[in-house]
Colleague: 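Encoded as structure tokens, here's the structure I'll be asking about.
Chain A is the first sequence line, chain B the second, and so forth, proteins listed ahead of strands; every chain is numbered from 1. The structure displayed is predicted, hence computed values, not measured ones.
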Amino acid sequence: MDRTFAVAIGGAAGQGVATPGDIFAKIFARRGLHLNAYNAYQSIIRGGHTFLTIRAGIEEVTCFGDHIDLLIPLNQDSMDRHIGLMKANAAVVYNSDTIKPGSLTQAQLCPLPVNQLSKGSRSKVEQNTLALAASLRMMGVDFEPLAEILTEQFMRKGSKVVTENLDIARVGYDYAGANFQPFAFPLPMSGMQYAVLSGNTALAMGGAAAGVKFYCAYPMSPSTGVLHWMAAHARSAGILVRQVEDEIGVINMAIGAAHAGVRAMCATSGGGFALMTEGLGMSAMMETPVVVIDVQRAGPSTGVPTKTEQGDLWQMLGAGFGDFPRLIAAPTDILDCFRLVPEMHNLADRFQCPGIILGDLLLSEGRSSVDPKQLNFDTEIDRGEMIVSADPANGENGYKRYKITESGISPRAIPGVPGHTHTAATDEHDEDGVLISDEFTNPAKRRAMMDKRQRKVLGIEAAVQPPVLIGTPTAEVTLVGWGSTSGVIREAVAMLNEEGISANQLQIRWMVPLHGEAIVNILKSSKYTIMVENNYSGQFARYLRSETSYVPDGCIRKYDGEPFMPHHIVEAVKEQLACKTHKTQQLSVPVHEIMV
Amino acid sequence: MDRTFAVAIGGAAGQGVATPGDIFAKIFARRGLHLNAYNAYQSIIRGGHTFLTIRAGIEEVTCFGDHIDLLIPLNQDSMDRHIGLMKANAAVVYNSDTIKPGSLTQAQLCPLPVNQLSKGSRSKVEQNTLALAASLRMMGVDFEPLAEILTEQFMRKGSKVVTENLDIARVGYDYAGANFQPFAFPLPMSGMQYAVLSGNTALAMGGAAAGVKFYCAYPMSPSTGVLHWMAAHARSAGILVRQVEDEIGVINMAIGAAHAGVRAMCATSGGGFALMTEGLGMSAMMETPVVVIDVQRAGPSTGVPTKTEQGDLWQMLGAGFGDFPRLIAAPTDILDCFRLVPEMHNLADRFQCPGIILGDLLLSEGRSSVDPKQLNFDTEIDRGEMIVSADPANGENGYKRYKITESGISPRAIPGVPGHTHTAATDEHDEDGVLISDEFTNPAKRRAMMDKRQRKVLGIEAAVQPPVLIGTPTAEVTLVGWGSTSGVIREAVAMLNEEGISANQLQIRWMVPLHGEAIVNILKSSKYTIMVENNYSGQFARYLRSETSYVPDGCIRKYDGEPFMPHHIVEAVKEQLACKTHKTQQLSVPVHEIMV
Amino acid sequence: MATVLQLQPLTAADFKGKVDPDWCPGCGDFGVLSSLQKVLAEMNILPHNVVTISGIGCSSNLPGFIDTYGMHTLHGRALAVATGVKMANHKLNVVVTGGDGDGFGIGGNHFIHTIRRNVDLLYVAMDNQIYGLTTGQTSPTSRKGMKTKSMPYGNVEEPINPITLALAAGATFVARGFSAEPKHLANLIKQGLEHKGFSFIDVFSPCVTYNHDNTYAWFRERIKKLEDDVSYDSSDWHEAMKRGLLWGDEIPIGKFFQRTDLPSLHEAEPLLDQGEPLAHRELRIAPEIVRNFITELM
Amino acid sequence: MATVLQLQPLTAADFKGKVDPDWCPGCGDFGVLSSLQKVLAEMNILPHNVVTISGIGCSSNLPGFIDTYGMHTLHGRALAVATGVKMANHKLNVVVTGGDGDGFGIGGNHFIHTIRRNVDLLYVAMDNQIYGLTTGQTSPTSRKGMKTKSMPYGNVEEPINPITLALAAGATFVARGFSAEPKHLANLIKQGLEHKGFSFIDVFSPCVTYNHDNTYAWFRERIKKLEDDVSYDSSDWHEAMKRGLLWGDEIPIGKFFQRTDLPSLHEAEPLLDQGEPLAHRELRIAPEIVRNFITELM
Ligand SMILES: Cc1ncc(C[n+]2csc(CCOP(=O)(O)OP(=O)(O)O)c2C)c(N)n1
Ligand SMILES: Cc1ncc(C[n+]2csc(CCOP(=O)(O)OP(=O)(O)O)c2C)c(N)n1
Ligand code: SF4
Ligand code: SF4
Ligand SMILES: [Mg+2]
Ligand SMILES: [Mg+2]
């Protein structure tokens with residue numbers, strides 16, 4: 001990986017970590033730099049410790065990395081927690097009126113005498129603006145981009161506020177020029193301009209691109225961002241957004257809307273999804289497509305609401321009891337959050353079954369740069385076999401909603417179409433939708449309907465591409481991950497290769513359909529496979545084994561709520577390769593050295 | 001298997017299939033005969049087709065078998081559906097005023113001219129009494145046992161009604177003596193007397209034996225029988241029974257009661273369980289034991305509410321998201337329903353985690369004979385490490401609810417005990433119950449608590465015995481089943497052995513802990529293994545594979561709502577053994593020839 | 001609720017479902033079904049413009065017995081599903097039918113919240129004070145003391161009062177019918193269908209198989225039509241509360257309350273206020289709007 | 001609710017929890033916590049005889065900040081859990097605390113049903129008309145027109161009225177407090193703890209971070225104590241309904257309604273009416289009773 005630059009801002013909730021973070025991100029992205037940001041925060045409104053890392057570079061930045069180049073601690077606590085981990089060539093910019101650099105460090109200390117510089121007024125905001133401006137100067141960034149953004153930001157508060165802010169920024173900028181060492185490598189730039197968005201925004205925009213016209217939700221971290229984007233853009237996007245009394249109401253309302261013919265979507269996290277599982281079965285039995293986003297957070301139960309985990313997979317696999325076709329996919333990065341949504345809607349519509357998107361906090365609340373051209377709203381829309389108006393060919397008497405077909409798909413008429421009235425039921429039914437227990441419970445009809453629905457699985461498998469190996473096939477070690485760990489594994493692979501350990505990567509995006517055979521074919525020719533998962537029990541490893549019997553040589557797991565950093569994976573891989581002879585399924589549990 | 005005798009009664013819902021069935025069962029059980037009964041019915045209150053089979057014999061009767069010796073059709077529909085399947089030596093007893101024997105049959109036709117015999121009064125009941133008495137005569141049963149039961153039954157209606165009923169019974173009894181051929185083998189008898197009970201009654205009584213003091217439920221077929229027994233016996237058993245507004249309320253109320261120190265239990269079916277899954281996670285996170293019975297019925301969704309299936313296993317495995325220790329066991333017969341409940345409570349109490357009993361309609365609404373001595377209410381009760389009163393050794397400041405221990409078990413103080421106040425939370429917490437996100441989200445503490453909870457898994461595994469192979473280890477074929485299929489597989493194994501195909505059986509009762517290694521050790525030395533499951537996708541096979549990589553040689557599945565009959569298994573085994581050379585995982589889907 | 005004009009006069013027979021009801025002979029639900037079919041025909045609403053939605057229960061089997069679009073959903077969830085249907089296509093006539101357990105037990109939360117949203121649909125609860133389909137357990141409207149399979153020693157809980165609960169939740173149309181008074185019931189159903197907003201009709205619909213307390217005879221002795229009291233003013237909420245509390249020798253049926261000054265949910269939603277139903281709108285978003293979405297991120 | 005006599009006089013400090021509240025400075029919930037601690041001390045109820053139970057939300061963090069037995073359960077489920085606790089040990093004092101979203105949104109059904117069962121517990125809802133912990137979305141008590149992150153164009157739904165809803169559901173004690181009126185609130189809490197049955201107190205507890213509409217100042221201008229009106233009769237249900245509907249220039253706080261003629265659930269249950277709490281009873285069933293169970297099957 002090319003040279004990157006990481007800024008980190010630490011403070012208590014409510015201290016305003018977000019705003020300077022946003023400004024850094026905007027400046028980086030407008031400068032044509034890629035970036036990746038992760039905010040480690042807690043489930044409290046005030047206090048605690050929030051730690052935002054923004055890492056930027058010319059090449060795609062796939063994770064927030066291992067090192068911090070510039071630290072801005074907004075309180076003593078943040079200074080104390082992180083100073084010890086700062087390397088040489090790094091710098092710490094801080095308010096020297098209130099914060100002391102506790103322990104010794106090799107990093108450059110950049111104390112800002114905030115009171116003196118700002119003349120003591122409104123010091124919270126000013127402290128942040130001073131630090132921001134000073135930092136940019138040290139990175140070799142011109143003053144103009146900052147001025148531009150501050151102007152945009154304070155415009156609606158009037159020109160006086162703008163001027164005040166520009167003045168204080170200029171003071172910080174100049175003070176750094178006079179007093180601090182600039183970084184050895186000034187921040188690069190490119191001719192590009194990137195959009196910066198979170199996974200939640202990407203999921204919501206993906207819904208808009210997919211033609212979702214009904215979105216409903218009950219707030220639940222870390223999925224609430226999807227609701228917020230939808231609500232804010234509802235009127236312009238022509239999407240009806242409803243907040244419902246609970247998640248049971250959410251999925252049932254979404255299915256109702258979908259049944260009446262719109263594309264409907266909802267998002268929640270594990271606990272809310274638990275309440276939706278009964279509804280998922282309804283979608284399957286009525287063959288009414290619905291797309292549910294589950295943004296995973298650390299469980300079980302309420303768990304650690306603001307921390308990440310990949311721990312909901314088995315809930316998804318078993319959700320809804322009984323056997324029925326379903327779709328489950330985990331996006332691999334923030335852009336993929338955007339892309340996966342229309343793809344999932346197309347498949348759910350075509351195969352008339354529930355589709356689940358398995359995101360997680362890391363992506364959903366993380367942010368990354370995306371080339372705006374990639375946010376394609378002209379993506380394919382395939383609504384499947386749907387009857388939206390009367391067609392003389394489908395006569396009044398001829399229409400059977402659950403017609404037994406070779407593909408298992410039966411054309412779906414939406415309410416309002418003359419000549420196609422029928423009742424969709426969650427009880428088992430015959431081709432015409434008549435309950436088989438209201439008629440005569442009939443094992444043959446029951447089996448025929450089960451077989452019909454399950455035949456869709458073949459079509460689903462054919463509609464999704466199997467995963468492919470990234471990197472040299474002959475590598476010494478293959479790292480297998482799923483969903484959001486894509487970026488950090490990619491970087492770990494690069495680091496391993498740099499260190500002379502040849503590594504490659506297999507990242508799984510589709511859980512159902514899985515393409516187990518294709519996966520095993522790849523893994524069978526791998527020399528040593530290590531499964532990387534952000535959960536305790538190796539949920540994906542267990543699932544892959546259930547479908548293929550495949551057991552990897554080792555595994556790296558993390559279940560402390562924080563995401564992997566590249567060095568966690570690199571070190572664990574090295575450790576496991578060192579005692580490879582045992583060939584048992586070794587477990588590595590990386591420890592977080594940063595106590596966020 | 002020894003000679004058995006099977007009576008079947010068919011009619012519409014509301015025609016009174018149950019009463020003569022109960023009388024047959026009582027007479028058999030009092031005669032010292034074992035029995036097994038299955039009622040195929042529909043989800044309607046009136047009409048449709050209900051078909052009750054009661055099979056009796058001297059030896060234990062483990063399933064309802066393949067053949068009917070005596071058929072009593074209460075309407076034409078039942079006659080038409082079943083007459084073609086009657087074998088020689090069998091007999092059909094029917095009201096010849098209203099029912100005609102449609103097709104030719106080898107069985108003995110026993111027409112009862114009901115109007116003439118009963119002088120036309122109250123014919124529905126009289127038709128049934130006449131048929132009952134005639135049948136008993138043909139079986140070589142004395143009149144007295146019938147007289148005794150009719151007397152018990154009609155006593156509260158006055159002696160006149162008793163006499164009337166005895167008279168009509170006598171008419172039927174004598175008429176059969178004069179007009180019909182008795183069965184070649186008169187019904188045997190033994191010195192025993194058996195109790196007859198359904199799986200639901202057994203589960204409820206198991207709860208009473210376990211010391212359950214709080215039972216709550218929301219009605220849901222086929223689990224409602226547990227509620228009915230509990231409600232009827234609440235006052236004498238000293239059990240507080242509550243009907244709640246929904247299943248979410250049920251599990252939360254049960255956990256509340258359990259937390260305050262009682263043994264609490266609830267029962268539901270798949271759809272209700274779906275609503276409980278969030279609560280299951282609370283039990284895990286608070287480490288408050290609760291026992292939930294899930295009586296499986298055919299899914300997905302509302303499905304076929306009165307039909308059986310083993311389709312909820314994956315729902316149980318994933319219920320509640322995140323990783324946590326849980327207990328899941330499937331009783332293997334009706335007596336086992338009784339025994340498993342106290343066992344599950346002991347383990348849930350000891351390991352302070354949720355325990356799930358995975359029953360199904362076949363057992364829950366089926367009935368069987370049980371030696372009353374086996375209904376042991378003095379079974380072991382182990383409440384685990386529970387603090388119910390203040391002990392000077394556990395000082396006010398010393399107590400930590402979630403103390404990190406070697407076993408993962410932390411002594412649990414119930415509310416009301418002085419000096420042990422603490423808050424149990426569904427958020428991740430420290431040893432003292434303090435939320436780690438209210439303090440500082442702390443990866444190290446989080447990991448320590450996850451590890452503590454998960455350490456209980458080792459204790460759980462040690463507390464449960466691995467399954468054992470039944471039959472000769474060197475058999476040609478091993479049939480693997482789980483839960484309720486135990487009896488029918490046992491009979492199929494016996495039939496195979498009789499036919500010269502040596503077979504044995506491995507029946508799995510505990511899903512979690514699974515003892516995968518022990519299972520694979522058994523199966524590895526089997527010559528040919530076939531997995532028998534009452535579901536579409538082979539849920540247990542997939543689960544076993546996820547834990548062990550093991551793939552059986554073949555599988556037999558049924559997902560039409562009706563249970564297996566022995567010949568389904570025998571025929572499928574023979575078919576698979578015949579083309580054994582392929583050694584791929586063959587699927588057999590037995591067809592029901594009886595259209596219930 | 002908007003009605004769609006017919007091409008030729010309809011009759012109740014046009015609403016005959018694919019199968020005959022399998023309710024017990026004498027079940028109160030027959031009366032509700034036939035009244036509904038009759039009114040739909042009278043109002044000349046075409047079958048394909050109606051969606052009949054239910055949960056699970058004997059009463060919830062109704063959508064299978066009527067020729068309209070139907071959804072036989074999950075126990076307790078019909079109102080949530082119906083809200084989705086109405087939002088996606090507000091031109092459809094949405095009728096929700098179900099039981100007391102379905103609506104006031106497991107479905108109680110959706111009941112309250114659908115009411116406060118004033119979703120424009122007709123909700124007919126077939127209230128038999130028992131759980132019928134599960135063969136006779138106590139329901140939230142079972143009277144105190146009533147003995148059932150689940151409370152054989154008698155119910156110790158106060159029942160829900162659907163009328164006063166609906167009023168308190170803010171319902172804009174609240175009525176009670178009796179399935180053995182078909183004309184009266186049909187009239188209520190008609191008013192409910194015409195009402196723009198959430199219309200709630202609680203119908204005494206006796207379960208002849210499991211409820212031997214609240215029988216036809218029991219109700220007949222007690223019911224009294226609000227319409228017979230000329231002084232009764234159904235726009236007076238407090239008076240409606242008073243009548244709603246009556247339960248004893250006199251039990252009122254009829255329209256307790258109606259107000260027409262509140263917009264229904266789809267009227268209050270600017271997005272739906274004009275134009276095609278959502279279900280028939282263009283899926284693509286205009287390029288200039290998309291551009292704005294992206295510019296925001298830059 | 002039964003109180004347990006103390007060994008020595010208690011003070012609010014005896015109820016100080018293991019950690020200090022992490023609510024935003026100025027949050028209304030502080031006032032509720034301290035009133036509750038004060039009253040428990042005053043009434044000399046020992047900490048270990050109290051169970052404080054909550055769902056999830058800012059307000060639901062309360063059990064962690066008070067020294068009693070505590071259960072911090074699932075979002076919306078506190079009342080169901082609390083019913084289980086009370087049934088298992090009816091000698092305990094059960095206090096349920098939570099937010100408006102928790103109690104009237106996701107938890108609405110348990111609210112109604114716990115009320116009709118008249119479970120003997122005190123339920124204090126900290127009603128800030130917003131979802132606090134999830135950073136500011138519309139709640140079921142958010143006023144029409146209010147703008148939040150989830151309804152940035154303004155709420156189009158009628159809010160829930162917890163007072164009238166509780167009355168309609170059959171609550172035997174209904175009151176409203178304001179967290180900035182600590183003495184008044186403490187008095188209501190005391191009455192609620194003393195009431196034998198379900199006591200409901202809806203407390204205006206401003207969210208200073210996310211609700212800029214319903215602020216301390218906003219409430220202060222409008223609230224009026226029912227106690228100041230000497231003619232007010234809190235045994236008159238219809239009058240309570242009338243006052244409960246008031247929302248505008250005048251918003252009443254105080255005790256709206258109380259009735260003491262209905263037994264609470266554990267009093268109505270013969271099994272609990274006398275003897276030890278269930279949690280301390282013998283687990284084994286007497287042999288002669290067991291014999292009967294088995295004889296029935298033979
Ligand atoms: C989640 C769930 N719980 C329980 C059931 C079982 N169930 C089916 S119908 C019913 C109650 C029926 O009573 P009611 O709604 O009053 O309708 P009725 O049969 O009396 O018309 C119940 C509990 C279910 N289908 N789903
Ligand atoms: C099943 C479920 N859905 C959603 C959430 C997320 N959630 C946590 S608190 C909360 C709402 C908080 O609002 P309120 O109950 O009014 O309490 P406040 O924070 O305002 O005190 C929500 C939606 C959850 N924890 N569980
Ligand atoms: S059981 Fe009752 S409610 Fe159900 S169909 Fe029969 S009479 Fe009607
Ligand atoms: S966000 Fe609102 S409710 Fe939550 S602690 Fe802060 S002020 Fe209180
Ligand atoms: Mg009912
Ligand atoms: Mg709130």
Colleague: Below 4.5 Å from any heavy atom of chain A, which atoms of C/Leu74 appear? Answer side chain, backbone, both or neither.
Modeller: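 Backbone plus side chain of C/Leu74, per the 4.5 Å heavy-atom cut-off to chain A.
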Colleague: Do the side-chain N and O atoms of C/Glu296 and A/His233 include a donor-acceptor pair separated by under 3.5 angstrom?
Modeller: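 There is such a pair (donor and acceptor under 3.5 Å, judged by atom type) between the side chains of C/Glu296 and A/His233.
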Colleague: Heavy-atom pairs under 4.5 Å with chain A: which of C/His110, C/His280, C/Met87 has the most?
Modeller: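 Heavy-atom pairs under 4.5 Å are most numerous for C/His110.
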Colleague: Using the side chain to side chain contact (heavy atoms under 4.5 Å, CB included) definition, which of the options A/His259, A/Met282, A/Met253 pairs with C/Val81?
Modeller: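 The option that passes is A/Met282.
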Colleague: Is chain C contacted by the side chain of A/Thr201, its backbone, both, or neither, given a heavy-atom distance below 4.5 Å?
Modeller: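 Just the side chain, heavy atoms under 4.5 Å.
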Colleague: Measuring heavy-atom distances to chain C, does A/Ala254 have an atom under 4.5 Å in its side chain, in its backbone, in both, or in neither?
Modeller: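 Contact with chain C involves no heavy atom of A/Ala254 at all.
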Colleague: Between the side chain of C/Arg77 and the main-chain N/O of A/Gly279, is any donor-acceptor distance below 3.5 Å?
Modeller: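 Side chain of C/Arg77 to backbone of A/Gly279: no pair is present.
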Colleague: Under a 4.5 Å heavy-atom cutoff, which of A/Val244, A/Thr379, A/Ile251 has the most pairs with chain C?
Modeller: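 Ranked by heavy-atom pairs under 4.5 Å with chain C, first place is A/Thr379.
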Colleague: Specify which of A/Leu197, A/Asp427, A/Ile248, A/Val212 makes the most heavy-atom pairs with chain C at under 4.5 Å.
Modeller: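 Ranked by contacts with chain C, first place is A/Ile248.
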Colleague: Less than 4.5 Å to any heavy atom of chain C: does that hold for the side chain of A/Arg263, its backbone, both, or neither?
Modeller: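 Contact with chain C: none, neither part.
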Colleague: Using 4.0 Å as the upper bound for N to carboxylate O, is an ion pair formed by C/Glu282 and A/Lys213?
Modeller: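 Answer for the salt bridge query: no.
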Colleague: I'd like to check A/Val196 versus C/Leu297 (side-chain heavy atoms, cut-off strictly below 4.5 Å). Are they in contact?
Modeller: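 Of all side-chain heavy-atom pairs linking C/Leu297 with A/Val196, none is under 4.5 Å.
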Colleague: If you count heavy-atom pairs within less than 4.5 Å of chain A, which of C/Gly76, C/Pro270, C/Pro21, C/Ser54 leads?
Modeller: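 Among the listed options, the one with the most contacts to chain A is C/Pro270.
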Colleague: Is C/Asp22 in contact with chain A via its backbone, its side chain, both, or neither, using a 4.5 Å heavy-atom distance?
Modeller: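 Answer is side chain: those atoms of C/Asp22 sit under 4.5 Å from chain A.
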Colleague: What I'd like to find out is whether the side chain of A/Pro415 reaches to under 4.5 Å of the side chain of C/His48, using heavy atoms alone.
Modeller: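 The answer is no, as the side chains (C-beta and beyond) never meet within the 4.5 Å cut-off.
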Colleague: Please give me the minimum heavy-atom distance between C/Met71 and A/Thr423, naming the atom from each residue.
Modeller: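 Minimum heavy-atom separation between C/Met71 and A/Thr423: N-CG2, 4.2 Å.
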Colleague: Please flag which part of A/Ala264 lies under 4.5 Å from any non-hydrogen atom of chain C: side chain, backbone, both or neither.
Modeller: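 Answer is neither: A/Ala264 stays 4.5 Å or more from chain C.
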Colleague: Determine the minimum heavy-atom distance between C/Ala80 and A/Asn252, stating which atoms define it.
Modeller: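 Taking C/Ala80 first and A/Asn252 second, the nearest heavy atoms are CB-CB, 3.8 Å.
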Colleague: Closest approach of C/Phe293 and A/Met205, non-hydrogen atoms and distance?
Modeller: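 In this case the closest contact between C/Phe293 and A/Met205 is CB-CE, 4.1 Å.
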Colleague: For the candidates A/Met286, A/Lys26, A/Met285, A/Arg383, which exhibits the highest count of non-hydrogen atom pairs separated by less than 4.5 Å from chain C?
Modeller: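 Max contact count across the listed options: A/Met286.
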Colleague: Apply the side-chain hydrogen bond (donor to acceptor under 3.5 Å, both in side chains) test between A/Glu245 and each candidate in C/His113, C/Arg117, C/Arg116; give the one that qualifies.
Modeller: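 Of all the options given, the one that passes is C/Arg117.
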Colleague: Please report the shortest heavy-atom distance between C/Lys18 and A/Thr421, naming the atom on each side.
Modeller: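 Closest pair (atom of C/Lys18, atom of A/Thr421, distance): NZ-O, 3.5 Å.
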Colleague: Calculate, to the nearest 0.5 Å, the distance between atoms CD1 and CG belonging to A/Ile414 and C/Asn89 respectively.
Modeller: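 That separation rounds to 7.0 Å.
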Colleague: Report the distance from atom CG of C/Asn61 to atom OG of A/Ser437, rounding to the nearest 0.5 Å.
Modeller: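 Interatomic distance, C/Asn61 CG to A/Ser437 OG, rounded to 0.5 Å: 7.5 Å.
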Colleague: Nearest 0.5 Å please: distance from the OG1 atom of A/Thr426 over to the NE2 atom of C/His75.
Modeller: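 Answer rounded to 0.5 Å: 11.5 Å.
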Colleague: Please look at C/Ile289 and chain A and tell me whether the side chain, the backbone, both or neither of the residue comes under 4.5 angstrom of a heavy atom of that chain.
Modeller: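 Side chain only.
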Colleague: Which region of A/Arg242, side chain (C-beta onward) or backbone (N, CA, C, O), has a non-hydrogen atom less than 4.5 Å from a non-hydrogen atom of chain C, or is it both or neither?
Modeller: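 It is the side chain, since no backbone atom gets that close.
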Colleague: Counting only heavy atoms closer than 4.5 Å, note whether A/Tyr194 contacts chain C via side chain, backbone, both or neither.
Modeller: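 For A/Tyr194, the contact with chain C is made by the backbone alone.
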Colleague: Is C/Ile112 close to chain A through its backbone or its side chain, or both, or neither, when contacts mean heavy atoms under 4.5 Å?
Modeller: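 Neither part, no heavy atoms under 4.5 Å.
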Colleague: If you count heavy-atom pairs under 4.5 Å with chain C, which of A/Ala425, A/Ala209, A/Gly261, A/Ala29 comes out on top?
Modeller: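 The option with the most such pairs is A/Ala425.
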Colleague: Rounded to the nearest 0.5 Å, how far does CD1 of A/Ile239 lie from CD1 of C/Ile285?
Modeller: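 Nearest 0.5 Å value for the CD1-CD1 distance: 5.0 Å.
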Colleague: Need one label for C/Leu272: side chain, backbone, both or neither, based on atoms under 4.5 Å from any heavy atom in chain A.
Modeller: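 For C/Leu272, the contact with chain A is made by the side chain alone.
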Colleague: Quick one: CG on C/Leu271 to CG on A/Leu240, what's the gap to the nearest 0.5 Å?
Modeller: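 CG of A/Leu240 is found 6.0 Å from CG of C/Leu271.
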Colleague: Below 4.5 Å from any heavy atom of chain A, which atoms of C/Ile56 appear? Answer side chain, backbone, both or neither.
Modeller: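 C/Ile56 touches chain A through side-chain heavy atoms alone.
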Colleague: Under a 4.5 Å heavy-atom cut-off, does chain C meet the side chain of A/Val417, its backbone, both or neither?
Modeller: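 Both parts, backbone and side chain.
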Colleague: Which one wins on heavy-atom pair count under 4.5 Å against chain A: C/Gly84, C/Gly64, C/Ala78?
Modeller: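 Highest number of pairs under 4.5 Å: C/Gly84.
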Colleague: With rounding to the nearest 0.5 angstrom, report the CZ to OG1 distance, A/Phe214 to C/Thr83.
Modeller: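 Those atoms lie 8.0 Å apart.
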Colleague: With only heavy atoms counted, which part of A/Arg235 is less than 4.5 Å from chain C, the side chain, the backbone, both or neither?
Modeller: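 Its backbone and side chain both get close to chain C.
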Colleague: Could you tell me whether the side chain of A/Ile255 reaches within less than 4.5 Å of the side chain of C/Thr73, counting heavy atoms only?
Modeller: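 No. Closest side-chain heavy atoms not under 4.5 Å.
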Colleague: What's the shortest heavy-atom distance between C/Glu269 and A/Val241, and which atoms?
Modeller: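 Of all heavy-atom pairs spanning C/Glu269 and A/Val241, the closest is OE2-O, 4.4 Å.
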Colleague: Quick one: which of A/Thr288, A/Asp378, A/Asp246, A/Val250 has the most heavy-atom pairs under 4.5 Å with chain C, could you say?
Modeller: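 Answer, by heavy-atom pair count under 4.5 Å with chain C: A/Asp378.
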Colleague: For C/Ala88 and A/Ala257, work out which heavy atoms get closest and say how close.
Modeller: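 Nearest pair, atom of C/Ala88 first, then A/Ala257: CB-O, 3.5 Å.
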Colleague: Without swapping roles, check the side chain of C/Tyr69 against the backbone of A/Ala424 for a donor-acceptor pair under 3.5 Å.
Modeller: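 No: the side chain of C/Tyr69 does not pair with the backbone of A/Ala424.
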